Number of protein chains: 2
Amino acid sequence: MWGSVAPEASRRLLLAAVDSFAELGYHGTSTRHIAAGAGMSAGALYVHYKTKADLLFQIALTVHRSVLATLREAVATGSAPPARVRALMYAFSSWHATHYKAARVIQNEMAALGPEHAAEIAVFRRETRELVLSEVRAGAASGDFDVADLAATARALSSLAIDVCRWYRPEGPRTPDEIGALNAHLAMRVLGAAAP
Amino acid sequence: MWGSVAPEASRRLLLAAVDSFAELGYHGTSTRHIAAGAGMSAGALYVHYKTKADLLFQIALTVHRSVLATLREAVATGSAPPARVRALMYAFSSWHATHYKAARVIQNEMAALGPEHAAEIAVFRRETRELVLSEVRAGAASGDFDVADLAATARALSSLAIDVCRWYRPEGPRTPDEIGALNAHLAMRVLGAAAP
DNA sequence: GTCTATACGTAGATAGAC
DNA sequence: GTCTATCTACGTATAGAC
């Protein structure tokens, strides 16, 4: 996910910021702390990022792009709605385990973005919602799913997948793979799909 | 929920803090802002609360007590596991809509608590988890539910209910009552309970 | 209990040497 | 590009008048 961030010093700062924002929050993190986490002095940060807010925005951009690309790849692997939604929920959930720190930042700290940055990020979030919704709708239309409230059910699936980043710990008993598989299974139940 | 907070000036400060913590986060909120929200000057806050951290802790105590009491009342209304879990999910979800600001504070800002305060609050959170888990376990034991992974399924139900506070808006299309009913329905599906 | 004034620390951000 | 030093503003918290 971070491969596109260059040069290396910029990436180190970004990763240190993700760690700190995830743990202490944006407002609870000082630029000095970020710089120290990247092995630099306080002033060096401003060579790579204009402001602390800009740093958050670059993180938000990178992470949202990664999620959306992951979900789009996932649905493309299936053809029938149940297979597509299983793949979607597996990818959505396991991504939120694997990248739980980055996910926490984009879930918890987006209120700290300024209005222009927030508007730009909102586009990604809308597209993600639309993607999930359209997959649920397709399965309802085909008769594979039994869904009373399309929007609310799609949101429930997203809640399930996203919330993973809030409780997942690498030392915990379940792997990202297992979490993805379990949530894919629960999604089929939520959607009233026939048991396979 | 706030009736126990007296005198009135203390309650005004607490409510102003909840509003601001929910919107801007604990570290993003200044004591001046809280005091202004309660219609007071900056210094007056310290007559009612020892520190800003103490204010957060009082909020956390009050809100966690309210959630737990709500859930305990809810399960007591039913006898068979499906009815009990339906009541639980209805109460859990609608509470998180009705009290979405208070819920956001206890979901997003608990990392700002000091170690001793955090330990005290962790007791409430553990009890809430245990309550949900024990209800799921009872239904699995009775044969009403079909659950492969008790802990993970119980957590999924909690995710569904708690996440309501993160997206709910009073101007939105669904009432807390409707949200509670929908999540209760989805919970039955997640648990593999026979359709009523 | 509330106000104004203030002490003190730390935050974000910049300047200039290397 | 990185460092140290520094500017300036704002944060929490306290003191003392009313």
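Keep in mind it's a predicted model, so treat the numbers as computed, not measured. Just so we're on the same page: letters track the sequence lines, and every chain starts at 1.
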Roughly, in whole Å, what's the span from [atom1] in [X] to [atom2] in [N]?
X       : N      : atom1 : atom2 : result
B:Leu45 : C:dT4  : CG    : P     : 15 Å
B:Ile34 : C:dT2  : CD1   : C1'   : 17 Å
B:Leu55 : D:dG11 : CG    : P     : 16 Å

- prompt: In terms of side-chain heavy atoms of A:His48, which of C:dT2, D:dT4, D:dG1 is nearest?
  reply: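 The closest nucleotide is D:dG1.
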query: With respect to the side chain of B:Ser41, which nucleotide from C:dT4, D:dC3, C:dG1 is positioned closest?
result: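 Nearest to the side chain of B:Ser41 among the choices is C:dT4.
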- request: May I ask you to decide if the ring planes of A:His117 and A:Phe57 are parallel, tilted or perpendicular, using 30° and 60° as cut-offs?
  value: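 Rings of A:His117 and A:Phe57: parallel, as their planes differ by under 30°.
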query: Does a donor on one side chain and an acceptor on the other come within less than 3.5 Å for B:Ser66 and B:Trp95?
result: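 A pair is found: one side chain offers a donor N or O, the other an acceptor, under 3.5 Å apart.
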query: With no hydrogens and no angle check, do the side chains of A:Asp177 and A:Tyr90 hold a donor and an acceptor under 3.5 Å apart?
result: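 Short answer, yes.
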Nearest-0.5 Å distance that lies between atom CD1 in A:Ile59 and atom CD in A:Glu109: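 Answer for the CD1-CD pair, A:Ile59 versus A:Glu109, is 10.0 Å.
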- prompt: Rounded to the nearest 0.5 Å, how far apart are OG1 of A:Thr70 and CE of A:Met1?
  reply: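 Rounded to the nearest 0.5 Å, the OG1-CE separation comes out at 8.5 Å.
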- prompt: Can you tell me if CD on A:Glu23 sees more than 12 non-hydrogen neighbours from other groups inside 6.0 Å?
  reply: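 For A:Glu23, atom CD is not crowded (no more than 12 foreign heavy atoms under 6.0 Å).
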query: In B/S/- notation, 5' to 3', how is nucleotides 12-18 of chain C contacted by protein heavy atoms closer than 4.0 Å?
result: BBB----
